[in-house]
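Everything on this sheet refers to the single structure shown next.
From a predicted model like this one, the values you see are computed outputs, not experimental measurements.
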Amino acid sequence: VVSVSQVPVAEGKSVQQTVEILTRKLEVLGAEKQGTFCVDCETYHTAASTIGSQGQTGKLMYVMHNSEYPLSCFALFENGPCLIADANFDILMVKLKGFFQNAKANKIESRGTRYQYCDFLVKVGTVTMGPSARGISVEVEYCPCVIANDCWNLLMEFMQSFMGNHAPGIPSIFGTKHDSIYSPADTMVQYMELFNKIRKQQQVPVAGMR
């Protein structure tokens, strides 16, 4: 069972410094580094030619990869299903360009270090869009359990130990899953929501900036 959340940048610090503060707290707890991870997301929108004819509004589709699942590719629709395909799906998207166009400037990814602490796997990532760092993601997985309701309190307690009052509330995806089995697609939905939130934050004009 996994929780994916955003941690705000500490006051007076950069994204990188905040990441270092978080990872230091994990190391103090006794977490050990276990390599790196990357989750990326490309946005595709419905091609204009297919919208006009049927009077439909354009739909967005997110094609995502996660280094934990190197042989899979995830295609998610907004508020819709999540398709898990094999890694060749990217080639198929090129062939579907008459239907879906790649919004090239919108590629967003999170990269960072994986940590193992007892039964928990923690990934602290820097979220980047283009050349610039836009935010911080924290993914915490409780490995022995696949039912969200059974372990949320334990997960929460652990997150508070190094995230303090920035530990997240229960992810919206859990609301529909009560006692059903957690799947990798649920993790990707959480990343999609996080990336979209970070994109929207970037679109808000900052007062005083030209």
Side-chain angles (χ1 to χ4, degrees), residues 1-43 60 62-70 72-74 76 87 90 102-117 120-143 155-156 158-169 171-173 184-206 209:
V1 176
V2 174
S3 160
V4 177
S5 60
Q6 183 184 2
V7 173
V9 178
E11 208 169 322
K13 304 274 187 217
S14 67
V15 167
Q16 201 47 48
Q17 287 167 323
T18 309
V19 166
E20 282 164 15
I21 291 167
L22 275 171
T23 52
R24 211 170 298 129
K25 282 182 182 169
L26 278 169
E27 286 165 11
V28 167
L29 279 175
E32 292 178 4
K33 282 186 184 176
Q34 297 263 326
T36 56
F37 80 96
C38 175
V39 177
D40 65 53
C41 174
E42 294 210 45
T43 306
L60 293 176
Y62 302 96
V63 176
M64 303 179 71
H65 304 89
N66 185 335
S67 54
E68 283 299 298
Y69 312 105
S72 299
C73 176
F74 300 83
L76 294 87
D90 293 316
N102 188 337
K104 290 216 175 347
N106 256 344
K107 180 162 183 178
I108 187 166
E109 65 176 26
S110 178
R111 281 178 185 274
T113 310
R114 295 165 88 241
Y115 286 89
Q116 182 89 38
Y117 176 72
F120 294 98
L121 190 58
V122 184
K123 299 173 195 165
V124 181
T126 303
V127 179
T128 53
M129 208 169 154
S132 55
R134 300 294 177 92
I136 300 159
S137 70
V138 175
E139 175 189 331
V140 181
E141 178 175 0
Y142 181 58
C143 304
L155 202 56
M156 187 72 189
F158 173 63
M159 289 191 287
Q160 283 168 342
S161 70
F162 70 96
M163 293 166 78
N165 57 0
H166 296 310
S172 56
I173 187 92
D186 299 327
T187 301
M188 301 314 281
V189 168
Q190 290 188 63
Y191 268 108
M192 176 184 78
E193 289 172 352
L194 174 88
F195 288 160
N196 282 341
K197 191 170 128 192
I198 288 175
R199 275 198 194 100
K200 287 192 178 96
Q201 286 166 351
Q202 300 307 317
Q203 288 162 2
V204 177
V206 179
M209 280 182 76

Filter on side-chain hydrogen bond (donor to acceptor under 3.5 Å, both in side chains), then keep only pairs touching residues 1-15, sequence neighbours left out; what's left? Q6-Q201, S14-Q17
With a 4.5 Å cut-off on side-chain heavy atoms, are M163 and P168 touching? yes
Contacts table for residues 25-37: side-chain donor-acceptor under 3.5 angstrom, sequence neighbours left out:
from : atom 1 : to   : atom 2 : distance (Å)
E27  : OE2    : Y115 : OH     : 2.8

Which is it for D186 and V2 under the side-chain contact (heavy atoms from CB on, under 4.5 Å) test, yes or no, and what are the steps along the way? CA-CA 8 Å; D186 299 327; V2 174; over 6 Å; no
Looking at every non-hydrogen atom in both residues, tell me the closest pair between T18 and P8 and how far apart they are. CG2-O, 3.8 Å
Would a 4.5 Å heavy-atom cut-off, applied to side chains only, mark M64 and L76 as touching? yes
Does the side chain of N106 come within less than 4.5 Å of M129's, by heavy atoms? yes
Between S110 and V39, is there a donor-acceptor pair closer than 3.5 Å when you use the side chain of the first and the backbone of the second? no
Can you measure from OH (Y142) to CE (M159) and round to the nearest 0.5 angstrom? 13.5 Å
Give me the atom names and distance for the closest heavy-atom approach of Q190 to V4. OE1-N, 2.8 Å
Which heavy atom in A133 sits nearest to a heavy atom in T128, and how many Å separate them? CA-CG2, 3.9 Å
Residues passing the side-chain hydrogen bond (donor to acceptor under 3.5 Å, both in side chains) test with T43, sequence neighbours excluded, are R199
Which is it for M192 and F74 under the side-chain contact (heavy atoms from CB on, under 4.5 Å) test, yes or no, and what are the steps along the way? CA-CA 11 Å; M192 176 184 78; F74 300 83; over 6 Å; no
Please report the interatomic distance CD1(I108) to CG(D40), rounded to the nearest 0.5 Å. 10.5 Å
L121 and E68: side-chain contact (heavy atoms from CB on, under 4.5 Å), yes or no, with the steps? CA-CA 11 Å; L121 190 58; E68 283 299 298; 4.1 Å; yes
Indicate yes or no: at least one non-hydrogen side-chain atom of Y117 is less than 4.5 angstrom from one of F158. yes
Under 4.5 Å between any side-chain heavy atoms of C73 and V63, yes or no? yes
Distance, nearest 0.5 Å, that separates CZ of R24 from CZ of F162: 15.0 Å
Would you sort out whether Y62 and M188 count as a side-chain contact (heavy atoms from CB on, under 4.5 Å), showing the intermediate values? CA-CA 10 Å; Y62 302 96; M188 301 314 281; over 6 Å; no
Rounding to 0.5 Å, atoms CD1 (I21) and CD (Q16) come to a distance of 11.0 Å
dist R114:CZ -> K123:NZ (nearest 0.5 Å) comes out at 5.5 Å
Show the nearest heavy-atom pair for residues H65 and S72, with the distance to one decimal. CD2-O, 4.2 Å
Find the distance between CD1 (I173) and OG1 (T187) and round it off to the nearest 0.5 Å. 9.0 Å
